[in-house]
Amino acid sequence: MVGGNRVNRTAYVCAIFFGPRRSWLEHWGLVDPLHCLNEHVRTITSHSTLIERVIFVCNLRDEGLDAETYAKARDIIEKRNEEDSSREWIICSRPNYAFSYGAWEHGLVEHTQDLDFAFLIEDDYVPCKAGFDVELIEKYFSSEDSRRNVIYCSSW
C-alpha cells in the first residue's frame, strides 16, 4: 500500500509504432509489427501488480499503411479486456507526429486524468521484474517522500 490508506491508481501509457525500425532490420530483419505490443501485454499480465489501466497509443503512418495491423492490435486488446477483469485495457490511434512524446501526451490527456500515476514507456522497452510498478511508486512517490511532484525518467 502506498500513500497512506489507499492504493494509488496507476496507468501504463505505451507509445506504439508498427513501422520498420532501422536497428531491427540490421540485426533481425523483418519483425512482426505486433511484437512489441504482444510483449507489453504479456509483461503487464505477468509482472504488474498495481497498474489498473493500460493504454496503448498507436502512432499510425500516412496512407493507411498500418490499418490492418492496428485492427489486429485492437482485437488483441479487446480480448485482454474480456479475459482480465483486474485492469482496463485501452488502445487508441493518432497520426505519427511528435513521435512518442505526442503519443504520451495523448494518452495522459485523454485517459489518465482520474489516476494518480502514469508510467510512460516506449514500445521497445519492456519491464522485466515482477512488481516493478509497486517498487517504483514506493521508492519515488510515497506520500512521505518530499519529492512526490518530481517526474522521473529512467531505463535499464
Side-chain angles (χ1 to χ4, degrees), residues 1-2 6-25 27-138 141 152-156:
M1 187 169 298
V2 181
R6 68 181 179 90
V7 173
N8 290 298
R9 300 183 64 216
T10 305
Y12 185 92
V13 183
C14 184
I16 297 282
F17 180 68
F18 297 124
R21 301 158 195 245
R22 285 187 314 268
S23 62
W24 292 17
L25 290 172
H27 297 286
W28 301 296
L30 292 176
V31 175
D32 177 2
L34 293 170
H35 171 76
C36 290
L37 181 124
N38 283 321
E39 284 300 304
H40 283 276
V41 167
R42 183 187 60 75
T43 297
I44 293 300
T45 301
S46 64
H47 285 30
S48 76
T49 57
L50 186 63
I51 293 168
E52 78 174 55
R53 187 174 303 149
V54 181
I55 304 149
F56 294 106
V57 183
C58 303
N59 285 332
L60 302 183
R61 294 174 290 168
D62 293 335
E63 280 99 48
L65 290 172
D66 298 315
E68 183 178 330
T69 303
Y70 181 67
K72 291 176 184 176
R74 274 195 335 261
D75 291 344
I76 291 168
I77 300 309
E78 287 172 9
K79 183 177 180 184
R80 287 308 310 144
N81 269 319
E82 292 171 8
E83 296 173 352
D84 183 359
S85 62
S86 67
R87 60 182 53 97
E88 179 183 11
W89 297 79
I90 295 172
I91 187 166
C92 56
S93 66
R94 59 184 292 282
N96 188 23
Y97 65 88
F99 307 104
S100 295
Y101 299 103
W104 293 329
E105 177 185 38
H106 179 86
L108 289 170
V109 170
E110 298 296 323
H111 300 287
T112 67
Q113 296 297 313
D114 61 328
L115 303 177
D116 299 313
F117 299 102
F119 290 96
L120 307 181
I121 193 161
E122 297 277 355
D123 58 355
D124 57 351
Y125 286 74
V126 181
C128 59
K129 182 178 182 182
F132 71 91
D133 48 352
V134 172
E135 183 176 326
L136 284 171
I137 288 173
E138 285 179 348
F141 300 107
Y152 289 86
C153 180
S154 64
S155 63
W156 182 2

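Treat the numbers as computed from the prediction; the structure is a model and nothing was measured.
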Colleague: Quick test of your reading: applying salt bridge (Lys or Arg N to Asp or Glu O under 4.0 Å), list the pairs with at least one residue in residues 40-49, sequence neighbours left out, ordered by first then second residue.
Modeller: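 Counting only pairs at least two positions apart or across chains, the salt bridge (Lys or Arg N to Asp or Glu O under 4.0 Å) contacts touching residues 40-49 are E39-R42.
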Colleague: A11 and T112: which non-hydrogen atoms are nearest, and at how many Å?
Modeller: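 Heavy-atom minimum between the residues: CB-CG2, 3.7 Å.
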Colleague: Taking only residues two or more places apart in sequence or in another chain, which ones pass ring-ring contact (aromatic ring centres under 6.0 Å, His included) with F119?
Modeller: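 F132.
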Colleague: If you define the side chain from C-beta out and look only at heavy atoms, does anything of W89 sit under 4.5 Å from I76?
Modeller: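 They are not in side-chain contact.
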Colleague: What is the distance from atom SG of C92 to atom CD1 of I77, rounded to the nearest 0.5 Å?
Modeller: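 Spacing of SG (C92) from CD1 (I77) equals 10.5 Å.
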Colleague: Return all side-chain donor-acceptor pairs below 3.5 angstrom for residues 51-60, not counting sequence neighbours, or 'none' if the list is empty.
Modeller:
from	atom 1	to	atom 2	distance (Å)
E52	OE1	R9	NE	3.2
E52	OE2	R9	NE	3.0
E52	OE2	R9	NH2	2.6
R53	NE	E88	OE1	2.8
R53	NH1	H111	O	2.6
R53	NH1	D114	OD1	2.8
R53	NH2	D114	OD2	3.1
N59	OD1	R94	NH1	2.6
N59	ND2	F99	O	3.0

Colleague: Would you check if the side chain of D123 reaches a backbone N or O of L37 as a donor-acceptor pair within less than 3.5 Å?
Modeller: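 Side chain of D123 to backbone of L37, a donor-acceptor pair under 3.5 Å: no, none is there.
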Colleague: Are any non-hydrogen side-chain atoms of T69 and L34 less than 4.5 angstrom apart?
Modeller: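 Yes, side chains in contact.
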Colleague: For atom CD of Q113, is the number of surrounding heavy atoms from other residues, nucleotides or ligands below 6.0 Å larger than 12?
Modeller: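 Count over threshold, so yes.
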Colleague: How would you list, by chain and number, every residue that makes a salt bridge (charged side-chain N to carboxylate O under 4.0 Å, His left out) with D133, sequence neighbours excluded?
Modeller: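 If we apply the salt bridge (charged side-chain N to carboxylate O under 4.0 Å, His left out) test to D133, skipping adjacent residues, there are no hits.
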Colleague: Are I121 and V13 side-chain neighbours, meaning at least one heavy-atom pair lies under 4.5 Å?
Modeller: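 They are not in contact (no side-chain heavy atoms under 4.5 Å apart), so the answer is no.
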Colleague: Please name all residues satisfying side-chain contact (heavy atoms from CB on, under 4.5 Å) with E78, sequence neighbours left out, ordered by chain then number.
Modeller: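 If we apply the side-chain contact (heavy atoms from CB on, under 4.5 Å) test to E78, skipping adjacent residues, the hits are R74, D75.
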Colleague: With sequence neighbours left out, what residues match L65 under side-chain contact (heavy atoms from CB on, under 4.5 Å)?
Modeller: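 Scan of L65 (side-chain contact (heavy atoms from CB on, under 4.5 Å), adjacent residues dropped) gives R61.
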Colleague: Mind checking salt bridge (charged side-chain N to carboxylate O under 4.0 Å, His left out) for D84 and listing every partner two or more places apart, or none if nothing turns up?
Modeller: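 Residues passing salt bridge (charged side-chain N to carboxylate O under 4.0 Å, His left out) with D84: R80, R87.
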Colleague: Apply ring-ring contact (aromatic ring centres under 6.0 Å, His included) to W104 and list each qualifying residue two or more places apart in sequence or on a separate chain.
Modeller: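 Partners of W104 by the ring-ring contact (aromatic ring centres under 6.0 Å, His included) criterion, ordered by chain and then number, come out as Y101.
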Colleague: Could I get the full list of salt bridge (charged side-chain N to carboxylate O under 4.0 Å, His left out) partners for E68, not counting sequence neighbours?
Modeller: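 Partners of E68 under the salt bridge (charged side-chain N to carboxylate O under 4.0 Å, His left out) test: K72.
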Colleague: Could you walk me through whether L108 and L120 satisfy the side chain to side chain contact (heavy atoms under 4.5 Å, CB included) test, starting with their C-alpha distance in whole Å, then the side-chain angles of each, then the deciding distance to 0.1 Å, before giving a yes or no?
Modeller: CA-CA 9 Å; L108 289 170; L120 307 181; 3.9 Å; yes
Colleague: For S100, give me all partners under side chain to side chain donor-acceptor pair (under 3.5 Å), at least two apart in sequence or on another chain.
Modeller: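 For S100 the side chain to side chain donor-acceptor pair (under 3.5 Å) partners, ignoring immediate neighbours, are E122.
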Colleague: For Y12, check ring-ring contact (aromatic ring centres under 6.0 Å, His included) against everything at least two apart and list the hits.
Modeller: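 Listed in chain order: H40.
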Colleague: When rounded to the nearest 0.5 angstrom, what is the spacing between SG in C36 and CZ in F17?
Modeller: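 Separation between the atoms: 11.0 Å.
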